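Fair warning: this is a prediction, and the values are worked out from it, not measured in the lab. In listed order, ligands and their atoms are each counted from 1.
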Amino acid sequence: MSNPILEINDLKASFKTYEGTANVLDGIDLTIHEGEAMALVGETGCGKSLTTELILDLVPAARTSGEMKFKDEVVYSPSVDERSTLRGENISIIMQDPMSSLNPVFTIGEQMTDILLFGGGEKSPIDYLKHKLTRNGAERKKARERAREVLNEVQISSPERVLSSYPSELSGGMRQRILIGMALLADPDLLIADEPGTALDVTTEKKILEILKDIVDNRDTSVIYITHDLGVAHEVSDRVTVMYAGQVVERSPTDVIFDTPMHPYTRTLLESVPSLSTGIGEGSEGSIPSYVDVEAECRFADRCEFSEAACRGVHPGERTLDQGQSVACHLYKQDTGGRSADDTDEPYIGPPPWRTEQKRAD
Ligand SMILES: Nc1ncnc2c1ncn2[C@@H]1O[C@H](COP(=O)(O)OP(=O)(O)O)[C@@H](O)[C@H]1O
Ligand code: SF4
Ligand SMILES: [Mg+2]
């Protein structure tokens with residue numbers, strides 16, 4: 001496998017709320033390799049956006065701990081905090097909502113050239129005006145040419161018209177393409193796409209995903225696709241990481257997870273994708289538990305049909321299975337001769353329990 005580009009170790013994040021401290025992220029480990037497309041999957045509220053926004057230091061209210069490495073260099077640890085230097089340089093993010101990510105009072109051309117000329121960093125209004133007035137025409141012309149190039153790359157057929165337009169004059173699909181184009185301006189090594197196209201109709205979303213996938217393939221950029229939809233992950237990723245309530249519950253090569261979902265939560269996610277579900281059950285009702293006073297147990301326990309005494313009070317450690325999968329679930333201790341996941345390195349290579357049940361029913 002290629003070199004890791006981004007490594008996150010034991011990332012925790014909490015917030016002060018009126019109800020108490022919300023312990024949202026609980027020890028997230030993630031590794032993205034060069035040229036890899038990873039899908040971060042889970043239902044709304046499970047912490048997908050938060051995880052990636054922390055990479056770019058976009059959540060000042062969060063109290064965090066953990067370590068991040070970018071290209072083998074520690075960029076964040078409790079004693080080193082330089083995450084903001086990564087923003088726009090090596091990592092670009094395509095935010096979830098195309099309308100609120102674009103400034104309604106500037107044309108697309110102005111917004112794109114400003115990113116190139118001023119680096120997209122934060123500036124006071126006075127500094128901004130100073131910069132704007134001192135930049136000469138040639139620089140601005142060059143920046144506009146570069147903006148036109150990336151608009152071509154996101155398959156916008158009339159870039160000049162789009163550059164002269166205000167966001168409100170463009171369709172949702174067009175705005176989403178522009179955001180992708182803006183993210184490409186900095187030539188990122190890692191692209192984070194947060195639910196790209198989710199706010200759009202299904203056909204437009206499909207087109208946006210195709211465009212993104214083409215770009216990622218052509219540039220060999222590493223990408224994290226955030227999605228609540230395993231169907232989307234199936235289309236765009238090499239590897240899937242499933243999150244539930246601020247924890248990673250399963251990771252797997254994409255082609256493997258659809259055949260053998262190991263975590264009960266992954267299984268319920270699969271059931272909600274009709275074209276991928278092959279009659280493996282009914283899904284699960286309920287919602288993510290409160291992050292305030294969350295117990296040290298499997299956070300899925302209230303919704304899990306396989307829940308047992310061991311699932312309450314003890315958090316299931318993540319263990320490696322065969323086929324490149326790993327799972328955090330007490331179920332996979334059962335066939336290890338009574339030993340816990342923590343005191344054996346031997347992987348459990350049996351099928352998930354629902355596979356055995358199905359066989360019996362057949
Ligand atoms: N700035 C914030 N202040 C307080 N809580 C937050 C903040 N950002 C995120 N959260 C909490 O983190 C949880 C996960 O949010 P998010 O990462 O947006 O989920 P997802 O992207 O998976 O839908 C939310 O339910 C919310 O409770
Ligand atoms: S640890 Fe227990 S409650 Fe959690 S998913 Fe596994 S079986 Fe279900
Ligand atoms: Mg989100």
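Taking the six-membered ring where the residue is Trp, F300 and Y244 present perpendicular rings, their angle passing 60° and hence far from 30°.
For ligand 1, one of its N or O atoms has an N or O atom of S49 under 3.5 Å away. The shortest N/O to N/O separation between G45 and ligand 1 falls below 3.5 Å. Between A61 and ligand 1, a contact under 3.5 Å exists for no N or O pair.
With respect to the salt-bridge test (charged N to carboxylate O, under 4.0 angstrom), the residues D194 and K48 do not qualify. One finds a salt bridge joining R140 and D114 here, because a Lys/Arg side-chain nitrogen approaches an Asp/Glu carboxylate oxygen to under 4.0 Å. Ion pairing of K142 with E145 is absent here, as no side-chain N (NZ or NE/NH1/NH2) approaches a carboxylate O to less than 4.0 Å. With salt bridges taken as basic N to acidic carboxylate O contacts below 4.0 Å, none links K206 and D201. Ionic pairing of E149 and R146 is present here: one or more N-O contacts between side-chain nitrogen and carboxylate oxygen are shorter than 4.0 angstrom.
There is a side-chain donor-acceptor pair under 3.5 Å between S237 and T254. For Y265 and E43, the side-chain atoms include at least one donor-acceptor pair closer than 3.5 Å.
G47 N, 3.2 Å is the protein heavy atom nearest to atom 19 (O) of ligand 1. Here the heavy atom of the protein found nearest to atom 4 (Fe) of ligand 2 is C298 SG, 2.3 Å. Of all protein heavy atoms, the one lying nearest to atom 1 (S) of ligand 2 is H330 N, 3.2 Å. For atom 27 (O) of ligand 1, the closest non-hydrogen atom of the protein is Y291 CD1, 4.3 Å. Annotation: atom 8 (Fe) of ligand 2 to nearest protein heavy atom, C304 SG, 2.3 Å. For atom 17 (O) of ligand 1, the closest non-hydrogen atom on the protein side is L50 N, 2.8 Å. For atom 5 (S) of ligand 2, the closest non-hydrogen atom on the protein side is H263 CE1, 3.4 Å. Of all protein heavy atoms, the one lying nearest to atom 8 (N) of ligand 1 is F15 CZ, 3.6 Å. The nearest heavy-atom contact from the protein to atom 12 (O) of ligand 1 is V24 CG1, 3.5 Å.
When each atom of ligand 1 is checked for a heavy atom of T44 under 4.0 Å away, the hits are 23 (O). Atoms of ligand 2 found under 4.0 Å from any heavy atom of P264 (numbered from 1 in listed order, with element): 5 (S).
Between P196 and I226, the closest heavy-atom pair is CD-O, 4.0 Å.
Here L163 contributes atom CG and I108 contributes atom CD1; the two are 8.0 Å apart, rounded to the nearest 0.5 Å. The CD1 atom of I8 sits 11.5 Å away from atom CG of D10, with the distance rounded to the nearest 0.5 Å. Rounding to the nearest 0.5 Å gives a distance of 12.0 Å between CZ of R251 and OG1 of T266.
Taking backbone and side chain together, C329 holds no N, O or S atom under 2.8 Å from atom 8 (Fe) of ligand 2. In summary, C311 places an N/O/S atom under 2.8 Å from atom 2 (Fe) of ligand 2, meeting the contact criterion.
Put simply, atom 2 (C) of ligand 1 has protein non-hydrogen atoms near it, under 4.0 Å away.
Of the listed residues (V249, D302, L331), the one carrying the non-hydrogen atom nearest atom 7 (S) of ligand 2 is L331.
The closest approach between any non-hydrogen atom of G42 and ligand 1 is not below 4.0 Å.
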